[in-house]
Amino acid sequence: MFFIFGMSTKEKELDFSQTTICPSCGAYGRLEAFMTYSYFSLFFIPILKWNRKYYIKSSCCGSLYAIDEELGRGIEAGRINKVDESDLHPINVNHRRRRICSNCNYITDEDFEYCPRCGNRLS
Ligand SMILES: [Zn+2]
Ligand SMILES: [Zn+2]
């Protein structure tokens, strides 16, 4: 008897897209969902999946969040098409530096060297 078997980890994008104000960088961006799982295959056919983990990624700044498995399964099954900020557990969040103009108190997320409103140099 001869078996070909293997164990691998895979990443799968889920059919999920939510436009939102990004909780990390404040830009108007899109949240995408994907999952990773390990599987055991026999003769190249996956027969067992486990260790499913679900994630949300924001398209604007690439911030990564973990979400609960229950919520992830709901997204995978197409039952859930919206997540709340409170569902997101930050893993790798790209906070852009907020700059506040000392002259006119203008707040910007962009990497401006000078205030777009009054021209004051931002520190
Ligand atoms: Zn963002
Ligand atoms: Zn200013």
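Every number for a ligand or one of its atoms is a count from 1 in the order of the listing. None of these values were measured; they are calculated from a predicted model.
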Asker: Using a distance-only test with no angle check, is there a side-chain donor-acceptor pair under 3.5 angstrom linking S63 and N92?
Answerer: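 S63 vs N92: no donor-acceptor pair found between side chains.
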
Asker: What angle sits at the Zn ion (ligand 1) between SG of C22 and SG of C25, to 10°?
Answerer: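 Here the angle at the metal atom is close to 110°, to 10°.
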
Asker: Any donor-acceptor pair under 3.5 Å linking the side-chain atoms of E76 with those of Y54?
Answerer: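 Yes, because at least one side-chain N or O of Y54 sits under 3.5 Å from a partner of the opposite role on E76.
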
Asker: Which value, rounded to 10°, describes the SG(C115)-the Zn ion (ligand 2)-SG(C118) angle?
Answerer: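 Output for this angle: 110°, rounded to tens.
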
Asker: If I take the Zn ion (ligand 1) as the centre, what angle separates the SG atom of C60 from the SG atom of C61? Nearest 10 degrees is fine.
Answerer: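 With the Zn ion (ligand 1) as the vertex, the angle is close to 120°.
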
Asker: Answer yes when R121 and E113 have at least one side-chain N-carboxylate O distance shorter than 4.0 Å, and no when they do not.
Answerer: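 Between E113 and R121 there is a salt bridge, with a charged N closer than 4.0 Å to a carboxylate O.
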
Asker: Can you tell me if E85 has over 12 outside heavy atoms packed within less than 6.0 Å of its CD?
Answerer: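 No, not enclosed.
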
